[in-house]
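What's counted below: heavy atoms across the whole structure, side chains too, no hydrogens, waters or symmetry copies. Quantities reported herein were computed from a predicted structural model and do not represent experimental measurements. Naming: A, B, ... by sequence-line order, numbering from 1 per chain.
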Amino acid sequence: MADKLPNTPKLDELEKGKWPSFVKEIKMAAKKSPMCADLLGQLEKSYTEKVGYWKHGGIVGVMGYGGGVIGRYSALPKEFPNVSHFHTMRVNQPAGWYYNTEALRKICDIWEKHGSGITNLHGSTGDLVLLGTRTEELEPIFDELQKINFDIGGSGSDVRTPSCCCGQSRCEWACYDTMAACHDFTMEYQDELHRPAFPYKFKFKFSGCPNDCVASIARSDMSLIGTWRDSIQQDDAEVKAYVDGGLDIEEDVISRCPGKCMAWDGKKLEIDNSFCRRCMHCINVMPKALRPGKDRGATILLGSKAPIVEGALLSSVLIPFIKMEAPYQELKDIIERIWDVWSEEGKNRERVGEFIQRVGMGNFLEAIEVEPVAEMVAHPRENPYIFYEEFFEEDDDEEGDKG
Amino acid sequence: MAKTPEEIADAMHKMVKDAFGVKKYKPMDLNKAMRELFGDEVDKKTCKEAIKLLVNSGRCVYTYFGGSFLEIPHREGAAND
Amino acid sequence: MAEAMQERRTDYGPPHYEQFLPPVVKENYGKWKYHEIVKPGVMVHVSESGAELYTVRAASGRLISIDKIRMYCDLADKYCDGYVRFTSRHNIEFLTPKKENVDPLIKDLKDMGHPVGGIGNAISAIVHTQGWVHCHSAATDASGVVKAVMDDLIEYFEERKLPGKLRIALACCLNMCGAVHCSDIAILGIHRRPPRIDHANLKKVCEIPNLSASCPTAAIRPAEVEGHPSVEVLEEQCMFCANCYTVCPAMPLADPLNDGVSIWVGGKVSNARHEPMFSKLAIPFLPNNPPRWPEVTEAVRNLVELWAKNAKKYERMGEWIERIGWPKFFKMSGIEFEKVHIDDFKHAGLTFKRSTHLTF
């Protein structure tokens with residue numbers, strides 16, 4: 001085992017300070033893993049030379065799956081032989097990132113035996129990331145993960161590991177059961193998750209309310225964000241208690257309301273719920289007094305992504321309101337149609353949001369058989385260059401034979 | 001007559017092998033090519049099964065270079081010993 | 001191999017979450033009524049049944065060792081009946097119905113070097129990527145910058161003295177595995193030098209048509225160079241996005257002299273009050289200056305404190321800037337407005353000021 005750590009004066013500096021130190025973590029792992037000793041050495045060199053030393057490996061994986069393993073090789077294998085291979089394995093996290101210590105300890109034991117001993121809890125997409133192992137260890141790791149019922153997650157042009165907020169397990173604002181939905185969709189799309197067949201990646205993120213704690217509107221191709229259709233549940237006594245307790249309800253609540261649908265007469269808060277935009281602000285400020293309504297479901301939005309390739313996008317509304325109840329069949333039918341159209345017509349590395357930009361939202365909606373509604377746009381078109389697809393001829397009968 | 005997944009897998013494998021080093025195919029490229037080649041004798045589902053046969057048997061592997069492809073197993077340029 | 005595959009289980013998915021829920025969570029699932037922030041980093045959720053659930057949120061470095069996970073497990077066994085969860089921003093959360101466990105747990109966490117906080121009007125942990133620890137396309141490190149910035153801003157994690165929430169994220173290149181593009185403050189690694197093409201090996205490792213197609217500005221064209229079939233890059237069209245490098249490893253962009261960090265502000269994902277917004281460019285370039293990136297930590301602190309001093313209660317960074325206007329923001333922050341601040345990609349015209357609503 002690694003009894004001697006490399007000299008790392010620059011990294012050592014990052015052992016100081018109050019925020020948890022990743023250098024301490026790597027050093028802790030280096031006591032057991034020579035990989036981590038060489039990782040420290042290579043990282044110190046990066047800190048000195050101001051450049052990274054990793055090569056992308058595009059071919060390693062576990063047999064039969066096309067996702068879940070990211071190949072990495074050191075560009076300096078002679079200098080740092082123990083990180084010559086340093087592949088990542090993405091382990092599909094349980095919905096809501098809940099664990100018991102028994103499961104976590106078993107994962108640690110597997111990783112102590114077969115890998116570097118360092119992890120990410122969690123990666124950006126949501127997986128439990130095992131960071132750094134050799135090609136020949138990949139199959140044994142998968143074999144051991146199977147024994148404890150953990151499967152590996154997505155990577156490449158596939159369904160990426162879905163993730164969700166803690167939803168109804170802890171949060172009173174959750175408008176649907178995000179963990180149940182996330183788990184259901186993850187199980188339903190195992191083939192699409194493990195065998196890349198799309199033009200590019202496709203992410204699902206499930207948020208229980210418009211506060212969107214898993215950033216689904218910015219980070220997922222399909223964003224499922226909880227909302228409600230009826231009125232905010234209101235406890236007038238508790239509203240008054242907040243005001244009596246010092247809350248400046250005019251300034252901190254009413255003036256911040258984007259729908260301008262609230263009024264306070266000194267005794268009672270009036271909300272015109274037909275103009276409420278379901279933004280959550282008043283509920284966030286007075287959680288004891290106000291709660292989302294009882295007719296709950298989700299708004300489904302489509303298409304967000306980071307800049308690569310054609311620029312960043314936020315998701316936009318596809319379905320203004322849908323009940324989120326198992327087996328979610330109506331939604332899954334729409335998803336199948338989206339995947340069909342996008343898989344057939346999408347270009348290599350084109351996310352669904354970019355595909356919609358290219359073919360036009362109107363055409364896209366037609367192809368997936370979803371009716372256009374005003375909730376889908378911030379405003380109707382401003383430009384008059386309209387692609388009308390048909391026109392009348394002089395001899396058409398009154399109904400217009402548009403063929 | 002409808003093609004079996006095994007027959008489609010063989011046809012896909014030949015396509016991938018013939019293009020090795022020249023062009024990389026995405027699974028959907030192969031899927032489309034088979035439907036073009038065999039018309040009504042094949043559907044998307046059979047193509048999907050064929051791909052599963054190819055990767056489960058190790059005749060093809062998935063690779064990733066900014067997008068996912070199906071290739072003949074080989075040692076890649078970036079690999080270290 | 002084929003035989004081995006037949007016995008192999010595949011596509012069984014993650015374990016069902018239910019087995020990992022603490023009993024109090026299972027009993028009150030969907031019945032939570034309200035919550036309160038008891039003190040920094042501690043919430044209590046109260047159920048319709050009257051049951052209480054205390055949550056203690058602690059910072060974690062995201063990059064953690066198995067022995068640290070085992071230490072977390074020891075704490076979870078001691079105080080939380082063996083259950084623990086993690087958040088979307090890499091924090092760790094300990095859940096318990098026992099109020100009396102909260103303070104000893106906090107003490108143990110602090111002794112372990114894990115500050116408690118990040119709830120309410122505070123800075124939560126920085127969502128970030130792999131950087132030089134693991135990534136082939138990084139233009140800066142991730143963990144190191146985050147450590148330096150959070151060491152400096154720790155008071156805003158441990159206390160609740162900000163006007164609203166502040167979300168910082170870091171991505172070490174434009175691929176944005178950390179999807180930083182909707183953060184109050186985004187720290188983004190950038191390249192500034194066109195790819196150095198490895199002509200001798202390019203054809204061996206890449207497909208030229210795919211490579212040409214990868215460029216968003218069509219700057220890459222097939223060309224024979226020094227007798228090798230390869231490509232040429234129209235350098236004046238290169239915007240250093242590194243798409244080509246993702247598709248083809250013979251197009252490296254990393255360059256110690258030109259790589260560094262840019263700072264973007266005013267994005268948000270929550271729908272609360274203002275609709276979600278993208279972050280906008282504030283500081284085009286700061287150098288990579290490891291191990292503590294002093295230019296970056298200073299710039300971030302200045303932005304945090306400028307906003308904290310001037311924003312109204314609950315106003316996020318982007319809401320505040322929208323109210324005062326961007327010219328005021330540049331004036332107040334002392335950041336020089338330059339040519340690169342003006343967008344010149346698709347739909348750039350929509351970002352021009354198209355009114356006389358100006359402040360002087």
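- Within the model, atoms CD1 of I308(A) and SG of C173(C) stand 7.0 Å from one another, a figure rounded to the nearest 0.5 Å.
- In terms of non-hydrogen atom pairs under 4.5 Å with chain A, the most contact-rich of M277(C), E18(C), E158(C) is E158(C).
- When all heavy atoms of L313(A) and H181(C) are compared, the closest pair comes out as O-NE2, 4.2 Å.
- Just one residue in the list E172(A), R170(A), K288(A) forms a side chain to side chain donor-acceptor pair (under 3.5 Å) with H35(C), and that residue is E172(A).
- Note that the NE2 atom of H122(A) and the OG1 atom of T87(C) stand 9.5 Å from one another [nearest 0.5 Å].
- In terms of non-hydrogen atom pairs under 4.5 Å with chain C, the most contact-rich of K27(A), E310(A), R219(A), R72(A) is R72(A).
- For a residue to count as touching a neighbouring chain, one of its non-hydrogen atoms must lie under 4.5 Å from one of that chain's; by this rule L174(C) touches chain A with backbone and side chain alike.
- For the residue pair Y314(C)/D252(A), the side-chain donor-acceptor check at 3.5 Å is not satisfied.
- Contact of H90(C) with chain A is made through backbone and side chain together, with heavy-atom distances under 4.5 Å.
- Of the residues considered (K26(C), E36(C), H274(C), Q19(C)), E36(C) shows the highest number of contacts with chain A, using heavy-atom pairs under 4.5 Å.
- Taking all atoms of both residues into account, the shortest heavy-atom contact from W132(C) to W54(A) is O-NE1, 2.8 Å.
- For chain A, no part of P287(C) is nearby; none of its heavy atoms comes within less than 4.5 Å.
- The shortest distance between side-chain heavy atoms of S65(C) and S116(A) does not fall below 4.5 Å.
- The candidate from T161(A), D109(A), N92(A) with the greatest count of non-hydrogen atom pairs under 4.5 Å with chain C is N92(A).
- Under a 3.5 Å cut-off, the side chain of E13(A) and the backbone N or O of R292(C) do not form any donor-acceptor pair.
- Between H134(C) and T88(A), the side chains place a donor N or O and an acceptor N or O closer than 3.5 Å (distance only, hydrogens not considered).
- Note that CG of N120(A) is 9.5 Å distant from OG of S60(C), once rounded to the nearest 0.5 Å.
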Exercise. Applying salt bridge (charged side-chain N to carboxylate O under 4.0 Å, His left out), run through D67(C) and K31(A) and close with a yes or a no.
Key: CA-CA 10 Å; D67(C) 281 340; K31(A) 284 184 197 152; over 6 Å; no
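- For the residue pair I64(C) and E25(A), the shortest heavy atom distance occurs at CA-OE1, 3.6 Å.
- K50(A) is listed as a side-chain neighbour of P290(C), based on a closest heavy-atom distance under 4.5 Å.
- What you find for R195(A) and D11(C) is that their closest heavy atoms are NH2-OD2, 2.9 Å.
- A pairwise comparison of heavy atoms in H136(C) and K55(A) identifies CB-C, 4.1 Å as the closest pair.
- Contact record, V146(C) with W19(A): CG1-NE1, 4.3 Å, taken as the closest heavy-atom pair.
- Both the backbone and the side chain of N243(C) come within less than 4.5 Å of a heavy atom of chain A.
- Here Y34(C) contributes atom OH and D235(A) contributes atom CG; the two are 11.0 Å apart, rounded to the nearest 0.5 Å.
- Checking side-chain atoms of D151(C) against main-chain N and O of K18(A) turns up a donor-acceptor pair under 3.5 Å.
- Atoms CZ and CZ, from R277(A) and R273(C) in turn, are 14.0 Å apart once rounded to the nearest 0.5 Å.
- Ring geometry, F20(C) versus Y99(A): the interplanar angle falls from 30° to 60°, so the pair is classed tilted.
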